[in-house]
J.: 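Quick one: this structure, given as structure tokens, is what I'll be asking you about.
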Amino acid sequence: YNNMGPYLAGVLVQRKAGCSLVDYLMPRLFLPLGIARPHWETDPRGMTFGAGGLEISPSELLSFIRLYLNDGQLDGRQVLSREWIRQSEAVQVETAPFVAAEKTDNRFGYGFLFWRGQHNSFRADGKYAKFAIALRDLRTVAVLNAQDTRQQGVLDAHLAHVIEIVDVEAVGKGAALETLLGGLDVLVGGEVVHDHGDLALVKDPGEAFLVKLPDGDGRGDVVAQHHV
């Protein structure tokens, strides 16, 4: 579990392709997903840092994890190999013997850069509770963009409340706002928000966004997003 493997894999791709990872992935992944040309950190030699440093929005990350949930298919086109997706999300390394008992969602095994978790979930896992999570059994994906050292607590809140409360029927029937927010309020920056007047659930066809309403700067922040 380190950055060296994916970094070197990225270097090999760049040397073979004769271009940066951004240039290589634009027609193959980013453009099909509607992702604008992103900024991606480079090393001192100008090589794209394949282990991290890719700057995309929560909505763009959601489109990527949704592609995984759909086994690589997008509008009838096979963008990524189904076989690769299933292999990368499967357990490649058992982690339970090496992980503390309280870190529940790190004990289900590790795939190719994806963690397995509770409820048959898998996720891309970033520092301070930044997650892209897929639950195959519920056909649900979510992106959480938090800043909280209590990563397992954020995952517990999401898996134990959000997925069970914001289900397909509840969103489709326009359930009461306070009901839908009941299990979501703990996700705002890792802090419990008791006043639901600070939050709004914005619904689009097939998606639900939990938004922290504008403050003094006049901007709202999406703190959770679900594809249903």
Side-chain angles (χ1 to χ4, degrees), residues 1-10 21 25 29 33 35 40-41 49-72 79-164 166 183-184 186-187 189-190 223-228:
Y1 186 75
N2 58 65
N3 285 340
M4 187 59 68
Y7 166 65
L8 290 178
L21 288 183
L25 291 174
L29 182 64
L33 292 178
I35 298 176
W40 200 335
E41 291 181 7
F49 184 60
L54 173 62
E55 298 177 9
I56 58 176
S57 70
S59 296
E60 291 169 334
L61 182 56
L62 186 77
S63 69
F64 175 74
I65 197 67
R66 183 189 301 160
L67 182 69
Y68 254 68
L69 185 69
N70 292 330
D71 288 329
V79 177
L80 293 178
S81 162
R82 181 185 186 278
E83 291 72 21
W84 164 253
I85 286 175
R86 290 303 180 115
Q87 187 178 13
S88 64
E89 72 185 59
V91 175
Q92 303 296 332
V93 178
E94 296 289 348
T95 56
F98 316 107
V99 176
E102 62 270 19
K103 296 183 178 181
T104 308
D105 276 274
N106 284 2
R107 294 174 58 85
F108 286 83
Y110 189 66
F112 295 147
L113 304 182
F114 284 95
W115 287 91
R116 298 294 308 181
Q118 302 176 68
H119 306 292
N120 193 28
S121 66
F122 65 93
R123 70 188 186 279
D125 189 322
K127 194 172 184 179
Y128 299 135
K130 295 173 177 62
F131 304 117
I133 310 171
L135 290 94
R136 285 205 174 276
D137 295 344
L138 298 179
R139 295 290 303 163
T140 301
V141 295
V143 167
L144 281 64
N145 187 26
Q147 181 72 15
D148 199 320
T149 58
R150 301 165 296 176
Q151 297 196 177
Q152 185 60 54
V154 174
L155 282 170
D156 287 341
H158 172 73
L159 294 169
H161 299 290
V162 178
I163 296 304
E164 296 176 6
V166 186
L184 293 171
V186 297
L187 297 178
V223 294
Q225 183 173 358
H226 295 268
H227 175 66
V228 293

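Note: hydrogens, waters and symmetry copies are ignored here, and every other heavy atom, side chains too, is used. Owing to the predicted nature of the structure, the values given are computational and were not obtained by experimental measurement.
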J.: Give me each pair satisfying side-chain hydrogen bond (donor to acceptor under 3.5 Å, both in side chains) with a member in residues 89-104, each pair once, sequence neighbours excluded.
T.: E89-R136
J.: Do I65 and F131 have side-chain heavy atoms sitting under 4.5 Å apart?
T.: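 No, their side chains stay 4.5 Å or more apart.
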J.: Determine which pairs satisfy side-chain hydrogen bond (donor to acceptor under 3.5 Å, both in side chains) with at least one residue from residues 108-117, sequence neighbours left out, and list them in order.
T.: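 Applying side-chain hydrogen bond (donor to acceptor under 3.5 Å, both in side chains) to every pair that reaches into residues 108-117, excluding sequence neighbours, yields R116-N120.
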J.: Applying the side chain to side chain contact (heavy atoms under 4.5 Å, CB included) test to L29, which of I35, L21, L67 qualifies?
T.: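 The passing option is L67.
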J.: Can you measure from CG (N70) to CG (L80) and round to the nearest 0.5 angstrom?
T.: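 Reported value, rounded in 0.5 Å steps: 11.5 Å.
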J.: Does a side-chain heavy-atom distance below 4.5 Å link L61 with N145?
T.: no
J.: Under the side-chain hydrogen bond (donor to acceptor under 3.5 Å, both in side chains) test, which residues partner Q152, sequence neighbours left out?
T.: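 Applying side-chain hydrogen bond (donor to acceptor under 3.5 Å, both in side chains) to Q152 gives D105, D156.
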J.: Would you say D71 and R86 make side-chain contact, with heavy atoms under 4.5 Å?
T.: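 When only atoms from C-beta onward are counted, R86 and D71 do touch, with a gap below 4.5 Å.
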J.: Distance check, rounded to the nearest 0.5 Å: F122 atom CZ versus L113 atom CG?
T.: 13.0 Å
J.: Hey, does I133 have a side-chain heavy atom less than 4.5 Å from the side chain of L155?
T.: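 With C-beta onward as the side chain, the pair touches.
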J.: Would you please name every residue forming a ring pair (Phe, Tyr, Trp, His ring centres under 6.0 Å) with F64, sequence neighbours left out?
T.: Y68
J.: List the atom of Q151, the atom of Y128, and the distance in Å for their closest heavy-atom pair.
T.: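 The pair with the smallest heavy-atom distance is OE1-N, 2.6 Å.
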J.: Under the salt bridge (charged side-chain N to carboxylate O under 4.0 Å, His left out) definition, can you give me all pairs with a residue in residues 118-128, not counting sequence neighbours?
T.: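 Applying salt bridge (charged side-chain N to carboxylate O under 4.0 Å, His left out) to every pair that reaches into residues 118-128, excluding sequence neighbours, yields R123-D125.
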J.: Can you list the residues that meet the side chain to side chain contact (heavy atoms under 4.5 Å, CB included) rule with A51, with sequence neighbours excluded?
T.: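 Side chain to side chain contact (heavy atoms under 4.5 Å, CB included) check on A51 returns N3, P6, Y7, F49.
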J.: Could you work out, with ring pair (Phe, Tyr, Trp, His ring centres under 6.0 Å) as the rule, every residue matching F112, not counting sequence neighbours?
T.: W84
J.: Which heavy atom of L135 sits nearest to which heavy atom of S121, and what is that distance?
T.: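 Closest heavy-atom pair between L135 and S121: CG-CB, 3.9 Å.
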